[in-house]
Amino acid sequence: MAAQEMLRTEALIIGAGPGGYVAGIRLGQLKKKAIVVEKDKPGGICLNVGCIPSKALINAAKYYDKIKNHGAEIGLLADNVRVDMVQMQSWKGDVVSKLTGGVKTLLKANGCDYRTGTAKLVSRNTVEVTDAAGVVTTIQADNIIIATGSRPIEIPGFKFDGNRIVDSTGALDFRAVPERFIVVGGGYIGIEIGTLYAKLGSKVTVVEALPTILAGNDPEIIQLVARKLKKLGVEIMTGAKAKSWTETGGKAAVTLEVAGRDVTLEADKVLVAVGRRPNSEGLGLEQVGVKIEKGFVPVDKHLRTNVPGIFAIGDVAGQPMLAHKASKEAEIAAEIIAGHRAEFDVRCIPAVIFSDPEVATAGISAEEATTRGRKVKVGKFPFVALGRAIANADTDGFVKVIIDAETKEVLGIHVVGNGASDIIAEAALAIEMGALADDLALTIHAHPTLPEAIMEAAKASLGEAIHIQNR
Ligand code: NAI
């Protein structure tokens, strides 16, 4: 072992994803001495191999599909439009580098130290960091934030080999568009990446064990997404489980169990996206007494674990596994370490699926509200009645606003339609501020824009929609 270095800090953050790096920046702003330790690259899964690169490719595929398949309709004739996957990947790489480079710059600008190495707790306030050369640095920290994220779940018989059987990281790095592409798991990742390659020309089959894709979402929304997938030529097999695969003639022959029968499909690539598991092992957490439940590190609303001075944020600290939840938790943990009064007290965590059309939700569904004993009213406004959506030639979608029938409080907003990912910001703000349907309905929304659908759906919940007939 090489020579040891000893450091002292007020806060040590393990992991530099959207949880860890945000905690480092905020601690720096609050004038706390902090060090972020990352074993891989700054930015974590989200910036390097998740949210950002997937959106880059999804966007590129959207342009391609629009021009190739819908250009003529709007008078755009582009012959011989092709996909150069190698160039697309190179452009995606540039997008990622810009953002990951920015993370290091921001940490530095805020006075937070950044180190590359693998961290392991050796006591409640001591962490050993081993770098690639095997040099160990011992860091004494008054506070430790665990922000180690999650990794894809493997299913029996489908070991990721980086070639035929890939996780989302592998699927976002293909050098060529696979001719036949099987996606195991019709959740967030499966649907986003499946749609992307269907648009680029793959014949895609989605294999989902449950009776529906995107389980847990509004059935009407799921129906719309499923319909569009079918239009793109995607085959959706629900109630189907991937059992095994073999390499046959340069392809993967995948055996599925569908309604008690075995079915075999061939594919060039198989993406397995059946959920993610928290990274809580190998960190020395159990040895220092940190409780772990089903792989997650339980925390209170201050992001404290059961061990004083040790915090956990992001995917490792529990569902939902969303980058923006991690970043919010990071700010709160940093503020608590700096002695501020703060707690994770939010009314809603918006969620977006970058499918086609996009799906975005904030707050609760009508069913959930009814279960909680609220009497609800639902206002709905379709994109087909929205000037901007018609001008965009993208009218599949609607906004649903769920309000308390008596108080008119906005309880939930559910959007399906391209642009939903941006529209949802207003919905989250409204719910967070305890807005009433009237607040949304009375606010002047610029015309012609997609968020007008929120205003109209809110008006519809009050029986006052302008551009559709009120029921
Ligand atoms: P998921 O939980 O969304 O979906 C996994 C799906 O796989 C489920 O529908 C499940 O029923 C199915 N499944 C499980 N075992 C199966 C089997 N043996 N055969 C067939 N189907 C099977 O998980 P996913 O898509 O891997 O994403 C993981 C997490 O990453 C999500 O929970 C989400 O929080 C996050 N994420 C968020 C995104 C966003 O915010 N836009 C995008 C991508 C991921």
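Whatever order the structure lists them in is the order used to number ligands and atoms, beginning at 1. One-based numbering along the sequence shown.
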Side chains of residues 276-285: which donor-acceptor partners sit under 3.5 Å, not counting sequence neighbours?
unit_1, atom_1, unit_2, atom_2, d
R276, NE, S150, OG, 2.8
R276, NH2, S150, O, 2.7
N279, OD1, R151, NH1, 2.8
N279, ND2, T148, O, 2.9
N279, ND2, S150, O, 3.4
S280, OG, G295, O, 2.6
E281, OE1, R151, NH1, 3.3
E281, OE2, R151, NH2, 3.2

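Atom NZ of K104 sits in a sparse spot, with 12 or fewer heavy atoms from other residues, nucleotides or ligands closer than 6.0 Å. The number of heavy atoms from other shown groups lying within 6.0 Å of CZ (R82) does not exceed 12. For K39, the NZ atom counts as loosely surrounded, since its 6.0 Å shell holds 12 or fewer non-hydrogen atoms of other residues, nucleotides or ligands.
Every ring pair (Phe, Tyr, Trp, His ring centres under 6.0 Å) that F174 has, sequence neighbours left out, goes to F181, Y197. For K98, the salt bridge (Lys or Arg N to Asp or Glu O under 4.0 Å) criterion is met by no residue, not counting sequence neighbours.
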Quick check for students: name every N or O atom pair between ligand 1 and the protein closer than 3.5 Å, with distances.
unit_1, atom_1, unit_2, atom_2, d
ligand 1, 3 (O), Y188, N, 3.2
ligand 1, 9 (O), E208, OE1, 2.6
ligand 1, 9 (O), E208, OE2, 3.2
ligand 1, 11 (O), E208, OE2, 2.6
ligand 1, 21 (N), A209, N, 3.1
ligand 1, 23 (O), G275, N, 3.3
ligand 1, 25 (O), Y188, N, 3.2
ligand 1, 25 (O), I189, N, 2.8
ligand 1, 26 (O), G275, N, 2.9
ligand 1, 34 (O), M321, O, 2.8
ligand 1, 40 (O), V352, O, 3.4
ligand 1, 41 (N), E192, OE2, 2.9
ligand 1, 41 (N), V352, O, 2.7

